[in-house]
S.K.: 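Dropping a structure here in structure tokens format, bear with me for questions.
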Amino acid sequence: MNQLINEVHHAIDEASISRLVREFYTRARQDDEIGEIFNSNVEDWEHHLQTITDFWSSIIMKTGRYDGRPLPPHLRLGLQEKHFDRWLQLFEKTALEIWPEEAANVFIYRAKRIADSFEMAISTQAGEYKSPRHSRRV
């Protein structure tokens, strides 16, 4: 990966971030593995899509538009490894369709770190220890 992970790739802008979020969630909501999780837990989709767009804009472009805490809502969902695996598969596929590989990898790398962080937090709550599974495979 030639692109530094903390640099904003020239192909990434607000419109493409919004496109990623909308296209990913369209797929996720229809997915046999994770669709029901999203559909039964998100009440206001337009608000959710804007919040997630703000999240990724803040993470990647350093806009500061997101100031929430993403972990607590996810702790209540009963997520398992297979859910994170599927989320990452769909996310990676969507990112690679929107951007050139170097730009997509900026998002994919961050998504893998987020998945690891959430999985480790879930296991800690269950009194277990879990090592990162995703971000080690870059």
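Keep in mind it's a predicted model, so treat the numbers as computed, not measured.
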S.K.: Stepwise, does the salt bridge (Lys or Arg N to Asp or Glu O under 4.0 Å) test hold for Lys93 with Glu23?
M.R.: CA-CA 10 Å; Lys93 180 181 188 311; Glu23 289 185 21; over 6 Å; no
S.K.: Verify, without hydrogens or angle tests, whether Ser40 (side chain) and Glu36 (backbone) share a donor-acceptor contact under 3.5 angstrom.
M.R.: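 Yes, because the side chain of Ser40 sits within donor-acceptor range (under 3.5 Å) of the backbone of Glu36.
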S.K.: Here's one to test your reading of the geometry: is the NZ or CZ of Arg29 within 45 degrees of the ring axis of Trp45 and under 6.0 Å from its centre?
M.R.: yes
S.K.: Working note: Arg86 + Asp31, criterion salt bridge (Lys or Arg N to Asp or Glu O under 4.0 Å); need CA distance, chi angles, decisive distance, verdict.
M.R.: CA-CA 9 Å; Arg86 184 63 180 149; Asp31 188 73; 2.7 Å; yes
S.K.: Please check if Leu96 and Phe107 belong to a single hydrophobic cluster, counting links between Ile, Leu, Val, Met, Phe, Trp and Tyr side chain heavy atoms closer than 4.5 Å.
M.R.: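 No; Phe107 is not reachable from Leu96 via cluster members.
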S.K.: For the CE atom of Met61 and the CD1 atom of Ile59, what is their distance to the nearest 0.5 Å?
M.R.: 13.0 Å
S.K.: Can you classify the ring geometry of Phe38 versus Tyr25 as parallel (below 30°), tilted (30 to 60°) or perpendicular (above 60°)?
M.R.: perpendicular
S.K.: Looking at side-chain heavy atoms only, is the closest gap between Ile108 and Lys112 below 4.5 Å?
M.R.: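 Touching, per the 4.5 Å side-chain cut-off.
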S.K.: Does Trp99 have any side-chain hydrogen bond (donor to acceptor under 3.5 Å, both in side chains) partners at least two apart in sequence or in another chain, and if so, which?
M.R.: Ser16
S.K.: Taking side chain as C-beta onward, heavy atoms only, is Ile34 less than 4.5 Å from Leu90?
M.R.: yes
S.K.: Are any non-hydrogen side-chain atoms of Pro70 and Phe118 less than 4.5 angstrom apart?
M.R.: yes
S.K.: Between Gln50 and Asp54, is any side-chain donor less than 3.5 angstrom from a side-chain acceptor?
M.R.: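 A donor-acceptor contact under 3.5 Å links the two side chains.
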S.K.: Nearest 0.5 angstrom please: Ile17 CD1 to Arg22 CZ, how far?
M.R.: 13.5 Å
S.K.: Determine, for Asp116 against Lys130, whether the closest basic-nitrogen to carboxylate-oxygen distance falls under 4.0 angstrom.
M.R.: no
S.K.: Below 30° counts as parallel, above 60° as perpendicular, anything between as tilted: where do the rings of Phe55 and Tyr66 land?
M.R.: perpendicular
S.K.: Compute whether any side-chain donor of one residue and acceptor of the other, for Ser57 and Arg65, lie under 3.5 angstrom apart.
M.R.: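 There is such a pair between these side chains.
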S.K.: If you measure from CD1 on Ile52 to CG on Leu20, what distance do you get to the nearest 0.5 Å?
M.R.: 11.0 Å
S.K.: Got a sec: does the CD of Glu101 have more than 12 other heavy atoms crowding it under 6.0 Å?
M.R.: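 At most 12 heavy atoms, drawn from other residues, nucleotides or ligands, come within 6.0 Å of this atom.
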S.K.: Is Met120 linked to Leu79 within one hydrophobic cluster, defined over Ile, Leu, Val, Met, Phe, Trp and Tyr using a side-chain heavy-atom separation of less than 4.5 Å?
M.R.: no
S.K.: Same cluster or not: are Phe84 and Leu77 linked, directly or through other Ile, Leu, Val, Met, Phe, Trp or Tyr residues, by side-chain heavy atoms under 4.5 angstrom apart?
M.R.: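 Yes; tracing contacts between hydrophobic side chains, which count when under 4.5 Å, links both residues.
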S.K.: State, with a plain yes or no, whether a side-chain heavy atom of Ser18 is found less than 4.5 Å away from one of Glu14.
M.R.: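 No, too far: nothing below the 4.5 Å cut-off.
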S.K.: Heavy-atom distance under 4.5 Å between the side chains of Glu119 and Gln80, does that happen here?
M.R.: no
S.K.: Considering all heavy atoms of both residues, which atom of Asp85 and which atom of Arg133 are nearest to each other, and what is their separation?
M.R.: OD1-NH2, 2.6 Å
S.K.: Identify the heavy atoms of Leu88 and Ala115 that sit nearest to each other, and give their distance.
M.R.: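 Between these two residues, the closest heavy atoms are CD1-CB, 3.8 Å.
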S.K.: Rounded to the nearest 0.5 Å, how far apart are CG of Asn105 and CZ of Arg110?
M.R.: 12.5 Å
S.K.: Below 4.0 angstrom, N of the basic side chain to O of the carboxylate: do Arg19 and Glu97 qualify?
M.R.: no
S.K.: So, do His48 and Asp44 sit near enough that their side-chain heavy atoms are less than 4.5 Å apart?
M.R.: no
S.K.: Would a line drawn from the ring center of Phe24 to the ring center of Trp56 be shorter than 6.0 Å?
M.R.: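 Centroid separation for Phe24 and Trp56: 6.0 Å or greater.
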